[in-house]
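Worksheet: one structure, shown below.
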Amino acid sequence: RADNYWCQQNCLDLEGKFNKHPACFVDYEDRSVHTVCQCEAGNVGKGNDYKEYMVKITNLAFNQPLSRPVIFTHNEKKQLFKFNGRAGKGLRVVAEDGNPDVLEREVSGNQNVDEVEVASGIPPRGSITTKISVSKDFPFLSLASMAINTNDCFAVNGEYVYGHKYSRYGLPGLDAGTEANNELRTHIPGPACSSDSGNQRAISGAEGFIHVHRGIHGVNVGEDLSELEQRANGGPFQPQFYDWRNNMAL
């Protein structure tokens, strides 16, 4: 059941003084997005239309850790990606390397983006929770995170969330199209590969457009791989250990 608690935010009363708002409560039921405060005064230090949300991301994939997700609020003019389009540099670096820094800088400097957060990485069966504020002018929330035991798969979503008490969304695994899915340790940064594997770019044979990822298919099973090309514990990537079915996260 959901336990309701009084809101702990400092809210302005009619006389301009900070007080606990007696009409606010927090719904702590386990949902993907929780409204933390819906008081009329809004968040202190922001406009009256801001609402603070708790964003929870749960990794559903069997053996695919997710990199540190870039989470941001924006208006309808900002789109993180388009299906069948090309991935921008920031999204490419997330999808290939699991590095959020470039995408964080890109969205932070965009006039159509408001708040930006970078959360911690998410192991299989793990979850993270972070806070972010959403407003009428920036009512969308988007995020991107790499499936680290792949060449260039990223879990992503973008949704209109403003005014929702809670919502739950799936995060499918998409292919950035910037690397070929050669499934070789020399081209994958994940924990299934040793830290000295190099994480080279597999540019030759890259699809060139964003699409639904086809998963891990064991394309090198039966092939004569060098020790460097094999995953950390030997042998090629095998689908029974590293494949998934969308959604990758919730």
Side-chain angles (χ1 to χ4, degrees), residues 32-33 55-74 76 78-104 106-107 110 113 116-119 121-124 126 128 140-161 167-184 187-190 192 199 201-219 237 239 242-250:
S32 298
V33 181
V55 179
K56 181 178 180 181
I57 307 171
T58 300
N59 188 341
L60 304 178
F62 173 68
N63 212 3
Q64 287 289 346
L66 298 176
S67 69
R68 298 170 62 205
V70 179
I71 308 167
F72 61 97
T73 61
H74 58 96
E76 69 280 357
K78 172 60 181 176
Q79 286 185 303
L80 185 57
F81 74 97
K82 291 183 179 180
F83 277 109
N84 300 320
R86 298 181 67 86
K89 182 178 180 180
L91 188 56
R92 175 184 69 77
V93 174
V94 167
E96 293 181 1
D97 304 333
N99 185 340
D101 295 345
V102 178
L103 181 59
E104 181 187 17
E106 285 182 359
V107 296
N110 191 301
V113 173
V116 183
E117 299 287 342
V118 177
I122 315 168
I128 61 96
F140 293 88
L141 186 147
S142 290
L143 61 90
S145 172
M146 180 189 186
I148 302 179
N149 285 326
T150 69
N151 288 94
D152 62 341
C153 175
F154 63 103
V156 65
N157 206 342
E159 299 286 349
Y160 185 102
V161 300
S167 301
R168 183 176 297 216
Y169 306 105
L171 278 70
L174 303 186
D175 193 316
T178 55
E179 280 196 24
N181 297 322
N182 63 14
E183 300 178 14
L184 295 174
H187 296 75
I188 292 174
N199 189 27
R201 293 193 68 199
I203 299 175
S204 178
E207 301 88 351
F209 61 94
I210 295 172
H211 55 283
V212 175
H213 202 287
R214 290 156 287 173
I216 298 294
H217 289 269
V219 297
F237 278 83
Y242 297 102
D243 196 21
W244 67 92
R245 296 295 180 268
N246 283 330
N247 290 302
M248 298 195 78
L250 187 65

Side-chain heavy-atom pair Val107, Lys78 within 4.5 angstrom cut-off: yes
Closest non-hydrogen atom pair, Met146 against Val94: CB-O, 3.0 Å
Heavy-atom pair with the smallest gap, counting every atom of Trp244 and Gly215: CH2-CA, 3.8 Å
Test side-chain contact (heavy atoms from CB on, under 4.5 Å) applied to Lys82 and Ile210, step by step: CA-CA 7 Å; Lys82 291 183 179 180; Ile210 295 172; over 6 Å; no
Parallel, tilted or perpendicular: ring planes of Phe72 versus His74, cut at 30 and 60 degrees: tilted
Donor-acceptor pair, side chain of Asn151 and main chain of Asn182, under 3.5 angstrom: yes
Heavy-atom pair of closest approach, residues Ser204 and Ala180: O-CB, 3.4 Å
Exercise: do Glu96 and Thr178 side chains pair donor with acceptor under 3.5 Å: yes
Carboxylate-amine/guanidinium contact Glu104 Arg68, below 4.0 Å: no
Within-4.5 Å side-chain heavy-atom neighbours: Leu103 and Leu80: yes
Side chain to side chain, Asn181 and His213, heavy atoms closer than 4.5 Å: yes
Residue pair Pro189 / Ile148, side-chain heavy-atom distance below 4.5 Å: yes
Whether Glu117 side chain and Ile71 backbone form a donor-acceptor pair below 3.5 Å: no
Side chain to side chain contact (heavy atoms under 4.5 Å, CB included) involving Pro172 - partner list, sequence neighbours excluded: Leu174, Asn246, Asn247
Check: Arg92 and Asp152 side chains under 4.5 Å, non-hydrogen atoms: no
Main-chain N/O of Tyr242 paired to Gln64 side chain as donor or acceptor, under 3.5 Å: yes
No-hydrogen, no-angle side-chain donor-acceptor test under 3.5 Å, Asn63 and Asn149: no
